[in-house]
Amino acid sequence: MVERWIEPAGLLHGPVALQAVRDGHALPLAGGPAAFPLARLIEEGRDLGIHPVAELPGDGWEALLPPLTRRPLPFAGLPNDRPLVMGILNTTPDSFSNGGQHLDPRAAIAAGHAMLEAGADILDIGGESTRPGAPPVGPEEEMARVLPVVRELAKAAVVSVDTRHPATMRAALDAGAEIINDVTALRQEPASIQVVQEARAPVVLMHMPVLDPRRMQQETNYADVVLEVARFLRQRVETAEALGIPRGRIAIDPGLGFGKTGAQNLLLMQRLPLLAGIGCRILVGASRKRFIGQVTGVEEAAGRLAGSLAVAQAAASAGASILRVHDVAATVQALRMWRACTDGAAAELG
């Protein structure tokens, strides 16, 4: 089978996007509100050039359009008409940004409630740091860290558990978590897919070139990082679907910072709309990451708020529908302002 991709280009927003779609000059990106009047055609890794969408060839290319243009199904029953904000809650001593801050379950629970009050749609709770070079944590210790927090916060929130261990997945789902967020895209152990399938849980599949986070930054030699990430994610989605996890319950994450250089992270951001052709919601987790510091010159992770907000807005503009962030309140406000400016949302004026 020939490998083909349609990559949206020249994105439009707001009323002009609606008019361009209505007049047949553009197509909606993942159901809108963004639209694309141009598309790059890629076949077997070869760039076939950029074409107006009104002049796309037949010969099978049209079959790629429905997953790219229709709105994905609601994820975990949450709204699908705006980008969702996923608050990061690490119950670890060594996470790259706020390690140790929420190791005490009481502190983590309080922080989770504060994120909800600030407008978080999802709380992503993790008990193992997967930063470059971080030592692995076994499922027993991971469960001891996350389960008390999950049990309490699941009473008030849609909770995601950030884990690659099937035992932790099962225990967290039993404790009230609704979403599995796996940096290995359900490759760590064969039981992972079974746990998600049996629980009928939504899942986030992320790209990471190797299963061991300690080695991932040694594996950044891509011929085309964007195509290789897209190819990996499409294959993982197809595998999960074949094993009983419907595409509507899957979100995909390009894995910024996981086995990528700073320049490769930026390329993935620039060409993010390509991933919409997989037909799943796109999650972007860029908050406070090293490449933001490289661009902005801010060495301390906690000082990268402005850069993180800029990336969140860029991701939302390019079709991301879930943003995984540390700074929930600021991100919610920035997205609200961005939507008001781009979509002309009069309701934002109260």
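One is the number of the first residue; the rest follow in order along the sequence. Values below: every heavy atom of this structure, side chains too, minus hydrogens, waters and symmetry copies.
In this structure, CE on M206 lies 5.5 Å from CE on M208, to the nearest 0.5 angstrom. To the nearest 0.5 Å, atoms CG (L283) and CG (L275) are separated by 11.5 Å. Taken from CG in L267 to OG1 in T261, the straight-line distance is 8.0 Å, to the nearest 0.5 Å. The line from CD1 of I125 to CG of N90 is 10.0 Å long, rounded to the nearest 0.5 Å. Once rounded to the nearest 0.5 Å, the distance linking CD1 of I282 with CD1 of I252 reads 5.0 Å. Annotation: the span from L227 atom CG to R46 atom CZ amounts to 12.0 Å, rounded to 0.5 Å.
Within the 3.5 Å criterion, the main-chain N or O of A108 finds no donor-acceptor partner in the side chain of H113. In terms of modelled atom types and a separation under 3.5 Å, the side chain of T91 and the main chain of G126 share a donor-acceptor contact. Under the 3.5 Å distance criterion, the side-chain polar atoms of E228 are matched with a main-chain donor or acceptor of A223. In this structure, the side chain of Q217 engages the main chain of K260 through a donor-acceptor pair within 3.5 Å. For the pair E3 (side chain) and E44 (backbone), a donor-acceptor distance under 3.5 Å is absent.
Between R288 and D327 the shortest heavy-atom distance is NH2-OD1, 2.9 Å. The two atoms that bring L123 and G112 nearest to each other are CD1-O, 3.8 Å, heavy atoms only. Between G262 and F291, the closest heavy-atom pair is CA-CB, 3.8 Å. Across all their heavy atoms, V137 and H165 have their closest contact at O-NE2, 3.1 Å. Across every non-hydrogen atom of P273 and L68, the tightest pair is O-CD1, 4.0 Å. Nearest heavy atom pair, residue L29 against residue A276, reads CD1-CB, 3.7 Å.
In terms of the side chain to side chain donor-acceptor pair (under 3.5 Å) criterion, residue partners of Q188 (sequence neighbours excluded) are, by chain and number, R164. Legend: residues meeting side chain to side chain donor-acceptor pair (under 3.5 Å) with E238, ordered by chain and number and at least two apart, are absent. Partners of A175 under the side-chain contact (heavy atoms from CB on, under 4.5 Å) rule, at least two apart in sequence or in another chain, are L147, V150, R151. Qualifying side-chain contact (heavy atoms from CB on, under 4.5 Å) partners for E178, counting only residues two or more places apart in sequence or in other chains: V158. Every side-chain contact (heavy atoms from CB on, under 4.5 Å) that P57 has, sequence neighbours left out, goes to L41, W61. For F232, the ring-ring contact (aromatic ring centres under 6.0 Å, His included) partners at least two apart in sequence or on another chain are H207.
Tracing side-chain contacts under 4.5 Å through hydrophobic residues (I, L, V, M, F, W, Y), one reaches I292 starting from L335; they form part of the same cluster. Transitive grouping of hydrophobic side chains (ILVMFWY, heavy atoms separated by less than 4.5 Å) brings L173 and L205 into a common cluster. A single hydrophobic cluster is not seen to contain both V183 and V204; linkage of ILVMFWY side chains at heavy-atom distances under 4.5 Å, directly or through other members, places them apart. In this structure, L305 is not a member of the same hydrophobic cluster as V325, with clusters built from ILVMFWY side-chain heavy atoms closer than 4.5 Å.
Sorted pairs that involve residues 22-36 and meet side chain to side chain donor-acceptor pair (under 3.5 Å), not counting sequence neighbours, are lacking altogether. Within the structure, salt bridge (Lys or Arg N to Asp or Glu O under 4.0 Å) contacts touching residues 311-323 (residues at least two apart or in different chains) do not occur. For residues 65-85, the side chain to side chain donor-acceptor pair (under 3.5 Å) pairs, not counting sequence neighbours, are R82-D121. Applying the side chain to side chain donor-acceptor pair (under 3.5 Å) test to every pair with at least one member in residues 166-177, sequence neighbours left out, gives these pairs: E142-T168.
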Practice item. Take M169 and S192 through the test side chain to side chain contact (heavy atoms under 4.5 Å, CB included) and record every step on the way to the result. Key: CA-CA 8 Å; M169 294 177 189; S192 297; 3.7 Å; yes
Review point. For T239 and V237, what are the C-alpha separation, side-chain angles and deciding distance, and is it a side chain to side chain contact (heavy atoms under 4.5 Å, CB included)?
Key: CA-CA 5 Å; T239 298; V237 168; over 6 Å; no
Check your understanding: Is there a side chain to side chain contact (heavy atoms under 4.5 Å, CB included) between I109 and L153 once you walk through the steps?
Key -> CA-CA 7 Å; I109 291 165; L153 290 177; 4.2 Å; yes
Point to revise | side chain to side chain contact (heavy atoms under 4.5 Å, CB included) assessment of N265 paired with K289 | key: CA-CA 10 Å; N265 291 325; K289 287 191 173 175; over 6 Å; no
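With contacts defined as side-chain heavy-atom distances shorter than 4.5 Å, the pair S160/M86 qualifies. Put simply, the side chain of I122 does not reach to within 4.5 Å of the side chain of V159, judged on heavy atoms. Taking 4.5 Å as the limit, every side-chain heavy atom of E241 sits out of range of all side-chain heavy atoms of P246. The shortest distance between side-chain heavy atoms of L56 and L65 falls below 4.5 Å. Counting heavy atoms from C-beta outward, Q218 and V210 have side chains that stay 4.5 Å or more apart. Proximity of V21 to L27: side-chain heavy atoms (C-beta onward) are nowhere separated by under 4.5 Å. Side-chain atoms of I245 and I250, non-hydrogen and from C-beta on, do get closer than 4.5 Å to each other. Side-chain contact between R4 and L64 is present, with at least one heavy-atom pair separated by less than 4.5 Å.
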Do any side-chain atoms of residues 309-322 form donor-acceptor pairs under 3.5 angstrom with protein atoms, and if so which ones, sequence neighbours left out?
from	atom 1	to	atom 2	distance (Å)
S317	OG	Q313	O	3.0
S317	OG	W338	NE1	3.1
S321	OG	R281	NH1	3.1

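Residue E299 places its CD atom among 12 or fewer non-hydrogen atoms of other residues, nucleotides or ligands, all under 6.0 Å distant.
Screening D253, D162, T331 for a side-chain hydrogen bond (donor to acceptor under 3.5 Å, both in side chains) with R324, the sole residue that qualifies is D162.
Other residues sharing the hydrophobic cluster of I50, ordered by chain and number and joined by side-chain separations under 4.5 Å: L38.
With W5 as the aromatic partner, R234 meets the cation-pi criteria of under 6.0 angstrom to the ring centre and within 45 degrees of the ring axis.
Salt-bridge annotation for R187 and D182: absent, with no side-chain N of the basic residue lying under 4.0 Å from a carboxylate O of the acidic one.
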